[in-house]
Engineer: 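Please read through the structure below; I'll follow up with questions.
Worth saying up front: this structure is predicted, and the values here are computed from it rather than measured. Below, chains carry the letters A, B, ... as their sequence lines are ordered, and counting in each starts from 1.
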2 protein chains.
Amino acid sequence: MSAGGGRVRIYDVASRAGVSVATASKALNDTGRMTEETRQRVKAAATELGFRPNAMARGLIQKRSFTIGLLTNDTYGRFTLPVMAGISEALVDQGVSVFLCGIEDDPALGRVHLDAMLDKQVDGIIASGKRIDRRLPVDLSNLPVPVVYAFTEGHEGSVTLVSDDFQGSTEAVEHLIALGRKRIAHVTGPETFASVKERARAYRAGIGAEGVVLYGAWSEHWGHEAVAQLWQRRETPDAIFCGNDQIARGVVDALRERGVKVPADVSVVGFDNWEIVAGQTRPPLTSVDMNLTALGREAGRLVLELAEGKPVEPGVRKLPCQLVIRESCGGNAAVTERRGGLVTAAD
Amino acid sequence: MSAGGGRVRIYDVASRAGVSVATASKALNDTGRMTEETRQRVKAAATELGFRPNAMARGLIQKRSFTIGLLTNDTYGRFTLPVMAGISEALVDQGVSVFLCGIEDDPALGRVHLDAMLDKQVDGIIASGKRIDRRLPVDLSNLPVPVVYAFTEGHEGSVTLVSDDFQGSTEAVEHLIALGRKRIAHVTGPETFASVKERARAYRAGIGAEGVVLYGAWSEHWGHEAVAQLWQRRETPDAIFCGNDQIARGVVDALRERGVKVPADVSVVGFDNWEIVAGQTRPPLTSVDMNLTALGREAGRLVLELAEGKPVEPGVRKLPCQLVIRESCGGNAAVTERRGGLVTAAD
DNA sequence: GGAGCGAAAGAAAAGGTTTTCTCTGCACGA
DNA sequence: TCGTGCAGAGAAAACCTTTTCTTTCGCTCC
């Protein structure tokens, strides 16, 4: 319906309703004081004309663009995409849109995108990444707008959101123990990753012993390899807690090839709950979900609060993970499933 | 360095350079007429002060926001993310940023995001999806801004970019033939997909016969199942062209479990070149890449041209795919590899 | 009856640029 | 010497809202 070249301005609405632009503006924004009748008349006129305020004009004066920037070096989107979904979810009904900027690991590219965002007067920036213990290749510490870090390392005194690897891993190990498993091994990624250390720490705490921890690559191949190593030992495990789903898939495939039954003989748990891997494995993997969408929602909420000038306690917040039960562990499901459920306080 | 609360305005630059704001503006934008000395003096002042023009003020008058919107229902990002990367690549040095809006398959959500984008005066919109023969759940046909469709079906008379499934599939089949394979089968997705039909058509044309085409789901499971079916036949194939990488992976795994050697006994080709699947398969999959990043680059270029008022021929453009050789086919590599290389005409 | 007050609504400024228009010299030709 | 034309630079309008500041008007209270 809103055809015709020139967009309709608030001036048109005002003159149609027989009021001044000032009154029209106040009527539409539910501010100022006026007869309820006048307010309704203006709103009716706006609807009839299909008026939509020009966000640039509004932003110019309000010094807010209703826009935030998401900066990430996770080209593949494995982590950023769920985070993005959460952010968007939290912001869309506030009328806030999100600039997505993939900056690889290139400082120059990061700078370019950052500058473009600042020029556009973003109300805030969320930084995200593919690794919890690495910084983006661009300095965000002295910006004229608020910054929230989600799933990447923040600067001193920043607001940072990460998943609680310890809690998630604990859920996984306790699940295995609850199923009666006694000899649990841990096959995981490179020891340099903070989350690898954290998950291993939770593993040891969970079984109350040193246990068996094999560090390697984040690949299916390493899963295979690790099984080969484990089955050379005197005592083979009856459960394997894996550092991510790809390793878990490699483990499961290798076990099947050896004629070891999953989950009958050995239970396997993955990490990340990457549907495409966990769901297609035979049997489908029980895995720890990092609740990245919830994390994104929280990041969106926080950056908005900061943008509106509300105070937000700085520091690192760990958000709980949740164990998703499929078929790779056996036993009765729904054991610890509910414990990690993130309380989505809002609506 | 650019600390301090208030941002520096062009007024500050002007007064530092000892000129009027009008002159300053012209100097910085390389427009108008003035002594080269003056121009340089202004530019120097701008640099020293770290001046960055306020994009909202500029956009308000120029009626351009240097912003475009990307609308997609591909929540998972398998297709949209590479497209997005290409778009961003094409636009970043024009100073254009991208709003990413995931709208699932929800018309209401689509409407909300679309309205938000239009309010923000985006210069154009790119629509993308997860399927080439389906529309987004929101009507983009009478918008006040240009629209380009990338990897989703467009409206009548629109500018639409898709990958050339026929050409890509032909490359794959010809590759197999060149390797001496005689009995090539085709295991693919649901017949309802246009790309499935197209790939099957190219398969038949390539082998010059009806061949064997098995339709099923886009899953590894179906790949297993299909192999079971094929190996019940009198004559087993010596090559399998798969409709996507997940099916191909299922096929390869099933063949290995049967003791059939890949690629010694049977060559397998996938489609999509999804690194995470193709690369982790044993052996790594030769696969058809749809060049989605190039497609995104082209979409970005086109939407910008339209935004600048340049004429763009409407219609559906098919962009070539490229066969990526790994190890699942055997023989000498680099056979048809170069044929599909996309000519990136620009820069 | 007039001072004072409060509600309704309008006038105008503000926000930071770009762009058009105007003005001032100066060189040049008649 | 007097136009003419043009280069260089500035004044001011324009972009579209929001917001502050006035104005108007009717009412109450002394």
Engineer: For B:I10 and D:dC15, give me the distance from atom CD1 to atom C1', rounded to whole Å.
Structural biologist: 16 Å
Engineer: Does the side chain of B:S141 come under 3.5 Å of the side chain of B:D139 through a donor N or O and an acceptor N or O?
Structural biologist: yes
Engineer: Round to a whole Å and report the spacing from CZ of A:R9 to C1' of D:dC16.
Structural biologist: 8 Å
Engineer: Tell me whether the side-chain N/O atoms of B:R33 come closer than 4.0 Å to OP1 or OP2 in D:dG8.
Structural biologist: no
Engineer: Starting at CE of A:M34 and ending at P of D:dC25, how long is that distance when rounded to a whole Å?
Structural biologist: 19 Å
Engineer: For the pair made of CG in A:L28 and P in D:dT18, what is the distance, rounded to whole Å?
Structural biologist: 8 Å
Engineer: Does a nitrogen or oxygen in the side chain of B:T31 sit under 4.0 Å from OP1 or OP2 of C:dT19?
Structural biologist: no
Engineer: Using a cut-off of 6.0 Å, state whether more than 12 heavy atoms not belonging to B:E37 lie near its atom CD.
Structural biologist: yes
Engineer: If you pin B:G18 and A:T23 to their nearest nucleotides in DNA chain D, which one's is more 5'?
Structural biologist: B:G18
Engineer: For D:dG8, does either OP1 or OP2 sit under 4.0 Å from a side-chain N or O belonging to B:T38?
Structural biologist: no
Engineer: So, OP1 or OP2 of C:dG15: does either fall under 4.0 Å of a side-chain N or O from B:N54?
Structural biologist: no
Engineer: Rounded off to whole Å, could you give me the CZ-to-P distance for the A:R64 and C:dG15 pair?
Structural biologist: 19 Å
Engineer: Is the shortest heavy-atom distance from the side chain of B:L304 to the side chain of B:K310 under 4.5 Å?
Structural biologist: no
Engineer: Across the strands shown, which category fits A:I61 at heavy-atom distances under 4.0 angstrom: base, sugar-phosphate, nothing?
Structural biologist: base
Engineer: Could you check B:A22 against B:M56 and say which one's nearest nucleotide on DNA chain C is further toward the 5' end?
Structural biologist: B:M56
Engineer: Can you tell me how far C1' of D:dA11 sits from OH of B:Y11, to the nearest Å?
Structural biologist: 14 Å
Engineer: Is the count of non-hydrogen atoms from other residues, nucleotides or ligands lying under 6.0 Å from A:D93 atom CG greater than 12?
Structural biologist: yes
Engineer: Between B:K26 and A:R58, who's closer to the 5' end of DNA chain D by nearest nucleotide?
Structural biologist: B:K26
Engineer: Does a side-chain N or O of A:S25 approach OP1 or OP2 of D:dT19 to a distance below 4.0 Å, or not?
Structural biologist: no
Engineer: Distance check needed: D:dA9 C1' versus B:N29 CG, whole Å only.
Structural biologist: 16 Å
Engineer: Any donor and acceptor pair, going by atom type alone, linking the side chain of A:S20 with main-chain N or O of A:T23 inside 3.5 Å?
Structural biologist: yes
Engineer: Rounded to whole angstrom units, what separation is found between the CD atom of A:E37 and the C1' atom of C:dA9?
Structural biologist: 13 Å
Engineer: Contact class for A:L60 (heavy atom, under 4.0 Å): base, sugar-phosphate, or nothing?
Structural biologist: base
